[in-house]
Amino acid sequence: MALERTFSIIKPDATRRNLTGAINKKFEDAGLRIVAQKRIHLTKAQAGAFYAVHAERPFYDELCEFMASAPIVAQVLEGEGAIAKNREVMGATNPADADAGTIRAEFAESVGENSVHGSDAPDTAAEEIAYFFSGLELVG
Ligand code: UDP
Ligand code: MG
């Protein structure tokens, strides 16, 4: 399997509860390396642009409000098969469906406030990394 990079967000429900370190430990224990990371507070418009693919979904407005409600930690994770591996470590979108030991099973509060975002494919990973990080910030 190839060395890959994926984009990750530790969401406002998790930063609010001081869970950044606990979540990062899950990534590192799974063999994912945090090669870029910054804590930022998105505006609602910036959150809306990031989640534009969901603009027609009924939860879109609430999702954008939530993502702008407190700081997030934006990250690039690197590893063998990092995109799929991160999705495994995250668990299902709805924490009620997430496997035991996953981030969402342990930490998520609801289907909306579910602690982490992770890219779902190579093209979205590349787009999402470029939305948050410049090449100079990706130190490997
Ligand atoms: N979401 C929500 N209600 C839903 C489905 C999704 O509030 O019924 C939110 C949730 O925060 C989720 C995000 O929208 O993480 C993006 O949805 P997606 O289906 O892409 O899930 P993910 O890729 O994050 O597992
Ligand atoms: Mg998604």
Side-chain angles (χ1 to χ4, degrees):
M1 213 180 285
L3 198 64
E4 234 175 28
R5 285 179 173 174
T6 191
F7 178 69
S8 166
I9 293 177
I10 300 178
K11 293 184 177 181
D13 66 286
T15 62
R16 228 181 246 129
R17 288 176 290 148
N18 214 20
L19 292 171
T20 298
I23 290 173
N24 280 345
K25 179 162 171 32
K26 293 275 196 193
F27 295 141
E28 293 185 339
D29 285 350
L32 291 164
R33 182 177 296 274
I34 302 161
V35 297
Q37 177 167 258
K38 59 186 170 191
R39 183 174 168 102
I40 52 181
H41 195 146
L42 294 175
T43 64
K44 191 176 172 186
Q46 289 167 336
F50 176 71
Y51 274 123
V53 66
H54 294 306
E56 303 307 319
R57 309 281 289 276
F59 56 81
Y60 178 68
D61 192 64
E62 196 181 350
L63 175 62
C64 297
E65 286 278 353
F66 163 61
M67 292 299 289
S69 68
I72 63 161
V73 178
Q75 309 174 301
V76 180
L77 307 179
E78 185 178 83
E80 295 290 321
I83 297 169
K85 186 177 285 182
N86 182 40
R87 296 291 310 192
E88 268 176 44
V89 175
M90 289 164 61
T93 308
N94 186 341
D97 302 328
D99 289 341
T102 62
I103 291 169
R104 283 167 165 169
E106 285 192 18
F107 302 124
E109 300 197 292
S110 66
V111 65
E113 305 205 0
N114 59 3
S115 303
V116 279
H117 163 84
S119 306
D120 56 13
D123 57 337
T124 50
E127 277 169 28
E128 291 172 1
I129 289 169
Y131 186 65
F132 282 91
F133 292 96
S134 76
L136 288 174
E137 294 174 301
L138 299 169
V139 296

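All ligand and atom numbering here is 1-based and tracks the order in the structure.
- Closest to atom 21 (O) of ligand 1 among all protein heavy atoms lies T93 OG1, 3.3 Å.
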Name each donor-acceptor pair under 3.5 Å that joins a side chain in residues 94-103 to protein atoms two or more places apart or in another chain, with its distance.
| from | atom 1 | to | atom 2 | distance (Å) |
| --- | --- | --- | --- | --- |
| N94 | OD1 | A96 | N | 3.0 |
| T102 | OG1 | D99 | O | 2.7 |
| T102 | OG1 | A105 | N | 3.2 |

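- A 6.0 Å sphere centred on CD of E62 holds no more than 12 heavy atoms belonging to other residues, nucleotides or ligands.
- By the criterion of a heavy-atom distance under 4.0 Å, neither the backbone nor the side chain of D120 is placed next to ligand 1.
- Looking only at distances, a side-chain donor or acceptor of H41 sits under 3.5 Å from a matching main-chain atom of A68.
- R87 counts as a contact of ligand 1, since one of its heavy atoms falls under 4.0 Å from the ligand.
- For the ligand labelled ligand 1, residue R104 lies inside the 4.0 Å heavy-atom shell.
- Counting heavy atoms under 4.0 Å from ligand 1, residue M90 does not touch it at all.
- Counting only heavy atoms of the protein, atom 7 (O) of ligand 1 lies nearest to G112 CA, 3.3 Å.
- At distances below 3.5 Å, at least one donor-acceptor pair connects side-chain atoms of T15 with backbone N or O atoms of P71.
- Counting only distance, with no hydrogens or angles, the side chain of R104 and the backbone of V116 share a donor-acceptor pair below 3.5 Å.
- Not a single donor-acceptor pair under 3.5 Å links the side chain of E28 to the backbone N or O of K25.
- When hydrogens are left out, the protein atom nearest atom 10 (C) of ligand 1 is V111 O, 3.2 Å; that is the closest non-hydrogen contact.
- Contact annotation: for K11 versus ligand 1, heavy atoms closer than 4.0 Å belong to the side chain alone.
- Some N or O of N114 is nearer than 3.5 Å to an N or O of ligand 1, by distance alone.
- Remark: distances from the non-hydrogen atoms of H117 to ligand 1 are all 4.0 Å or more.
- Between the side chains of S69 and R16, at least one donor-acceptor pair of N or O atoms lies under 3.5 Å.
- Of all protein heavy atoms, the one closest to atom 5 (C) of ligand 1 is F59 CE2, 3.5 Å.
- Within 6.0 Å of the CG atom in D29, the count of heavy atoms belonging to other residues, nucleotides or ligands exceeds 12.
- With hydrogens left out, the protein atom closest to atom 19 (O) of ligand 1 is H54 CE1, 4.1 Å, a heavy atom.
- Those atoms of ligand 1 with a heavy atom of L63 less than 4.0 angstrom away are 9 (C), 11 (O), 14 (O).
- In R17, the CZ atom is crowded: over 12 heavy atoms of neighbouring residues, nucleotides or ligands sit closer than 6.0 Å.
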